[in-house]
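Protein chains get the first letters and strands the later ones, always in sequence-line order, with residue 1 at the start of each. This one's a predicted model, so the numbers in the text were calculated from it and none came from an experiment.
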2 protein chains.
Amino acid sequence: MAAGAAQARSGSRSRIQTENRALITQAALDVFSTDGYRGATVDRIAERAGMSKTNLLYYYPSKEDIYRTVIEQTVEDWLRPFAQIDPDGEPIEELRRYITVKLKMSETSPEASRLFANEIQRGAPLVMEFLTTRLKALVDEKAAVIGTWIDQGRLAPVDPYHLIFAIWATTQHYADFEAQIGALLGSQAKGPGFSEQASHAVLSILLNGIRPR
Amino acid sequence: MAAGAAQARSGSRSRIQTENRALITQAALDVFSTDGYRGATVDRIAERAGMSKTNLLYYYPSKEDIYRTVIEQTVEDWLRPFAQIDPDGEPIEELRRYITVKLKMSETSPEASRLFANEIQRGAPLVMEFLTTRLKALVDEKAAVIGTWIDQGRLAPVDPYHLIFAIWATTQHYADFEAQIGALLGSQAKGPGFSEQASHAVLSILLNGIRPR
DNA sequence: TCCAATTTTGACCAGTTAGTCAAGAAATTT
DNA sequence: AAATTTCTTGACTAACTGGTCAAAATTGGA
């Protein structure tokens, strides 16, 4: 019996399947994140994955299919630390931890951040449903948590939604605008202590603000 | 005498020239900002500008030429308010004004913001030189100003460069991630009071932080 | 009005791209 | 080792893309 194209939906994955799918998604992440969906070419992804385009299309039947896979993976990774914000934790400590994790993610996988940013900038054609359902539910939930913290006087009174946006914005900026930051800071941005420096500054600004105390 | 293609570099511009060039750059801004450089097609830009592709290419001889024009214009607009930060002004007031202007820009021309973001995310192939020369000089200058303010105790002690990044990140987020914000806030994000609400929240977070006082 | 310059267009071309197909190579099972 | 399944590839196609060209339509000044 001829197995469906690369065991499409079946759970069983051979060693080769697993390896090649990983190679492809990694390559796709690189290419999509710099060239965008339309700008990326299947040929280029295949080349970077070290195989022929035909072979790549054996594993993922279409360009959109690869993109979908990669972006879904990205979204999952992106969501996890946000979901872990603990309503029973110390507010400042919880947010400090979340900000730190997000900054770390921007440092270790800027491509994923850029891929997501790109998708949103295009009007989120693929993840719009995710945004309005799962993400919205989660954001509403966490915004309520932040609201409670504010009511308890454990956090300054700011709109919880905009606070979430501010955290996302500042942390992802280091991935999405990496080229600009590198150009403006020169060698400093590549040095070893940079991420600690950035982390310290971002935390200081978001937690304490810039008004002198 | 046959005039060079659409008076290429000559200063003289007929009424038709002026009108059509404006139509083209506006259309190009829309298309480039959503589809990216490679994803955008000359045909699509022409269609949106309401003319044939051939005619568009009469005014701008190549796709790259249009892109260059649009992005240079964008960069100029983007730089102006930053350059206006006054070393002799009241620090908090100066930064408040700058943040407010940038938020307004995100609201009135989100396409320009997305176009620039897109260019940077691609590794800034076209504006890299601008970043490392003119922009770097200006940022160094303003960072020094902020440093002085901090030394005078008129601003909390934060790294000036990262402060600038934080301001850029938070303000542009409202343009670049418009789709996400709309999806998460629903009707609220389209309402009339929204930009004031966003502005208030961003200013509150950046100026005062989220730690309760 | 008449004429030259400007503006606009359809037909066309060469290069690129996503995806197909049939056949060969490699791995796995029997 | 033979048979079968899985994996890989080169050759190909149809659609699309950036750009050219020559000719037609329009504009504006004399």
Novice: Measure from CD1 on I16(B) to C1' on dG28(D) and round the result to the nearest Å.
Specialist: 9 Å
Novice: Nearest-Å distance, OH (Y58(A)) to P (dA23(C))?
Specialist: 18 Å
Novice: I'd like a table of atom pairs between the protein and nucleotides 14-21 of chain D - only N or O on both sides, under 3.5 Å - with the distance next to each one.
Specialist:
residue : atom : partner : partner atom : Å
dT17(D) : OP1  : R38(A)  : NH2          : 3.3
dG18(D) : OP1  : A40(B)  : O            : 3.2
dG18(D) : OP1  : V42(B)  : N            : 3.4
dG18(D) : OP1  : K63(B)  : NZ           : 3.1
dG18(D) : OP2  : V42(B)  : N            : 3.0
dG18(D) : N7   : K53(B)  : NZ           : 2.9
dG19(D) : OP2  : K63(B)  : N            : 2.8
dG19(D) : N7   : K53(B)  : NZ           : 3.2
dG19(D) : O6   : K53(B)  : NZ           : 3.0

Novice: From CZ of R21(A) over to P of dT6(D), roughly how many Å is that when rounded to an integer?
Specialist: 13 Å
Novice: Please tell me if Y59(A) has a side-chain N or O lying less than 4.0 Å from either OP1 or OP2 of dT8(D).
Specialist: yes
Novice: Would you say dC7(D) has OP1 or OP2 under 4.0 Å from some side-chain N or O of S14(A)?
Specialist: yes
Novice: In whole angstroms, how far is the C1' atom of dT8(C) from the CG atom of L23(B)?
Specialist: 14 Å
Novice: Parallel, tilted or perpendicular: which fits the ring planes of H162(A) and F165(A), with parallel below 30° and perpendicular above 60°?
Specialist: perpendicular
Novice: Hey, could you give me each pair passing salt bridge (charged side-chain N to carboxylate O under 4.0 Å, His left out) that has a residue in residues 160-178 of chain A? Not counting sequence neighbours.
Specialist: R114(A)-E178(A)
Novice: Are E76(A) and R134(A) within salt-bridge range, i.e. N to O under 4.0 Å?
Specialist: yes
Novice: Pairing donors with acceptors under 3.5 angstrom, does anything connect the side chains of N20(B) and Y59(B)?
Specialist: yes
Novice: Look at the side chain of T148(B) and the backbone N and O of A144(B), then say whether any donor-acceptor pair between them is shorter than 3.5 Å.
Specialist: yes
Novice: Pairs in or reaching into residues 37-46 of chain B: which pass side chain to side chain donor-acceptor pair (under 3.5 Å), with residues at least two apart or in two chains?
Specialist: D35(B)-R44(B)
Novice: Can you check whether Q17(B) has a side-chain N or O nearer than 4.0 Å to OP1 or OP2 of dT7(C)?
Specialist: yes
Novice: Tell me: CG of N55(A) to C1' of dA27(C), nearest whole Å?
Specialist: 14 Å
Novice: If you check the M51(A) side chain, which of dT7(C), dG28(D), dT9(D) turns out closest?
Specialist: dT9(D)
Novice: Do side-chain atoms of K63(B) reach the backbone of A40(B) as a donor and acceptor pair under 3.5 angstrom?
Specialist: yes
Novice: Out of dT9(D), dG28(D), dA27(C), which has the shortest distance to the side chain of R15(B)?
Specialist: dG28(D)
Novice: Kindly say if N20(B) contacts the phosphate of dT6(C), meaning a side-chain N or O under 4.0 Å from OP1 or OP2.
Specialist: no
Novice: From CD of E19(A) over to P of dC7(D), roughly how many Å is that when rounded to an integer?
Specialist: 11 Å
Novice: I need the CG-C1' distance between L56(B) and dT8(C), as an integer number of Å.
Specialist: 12 Å
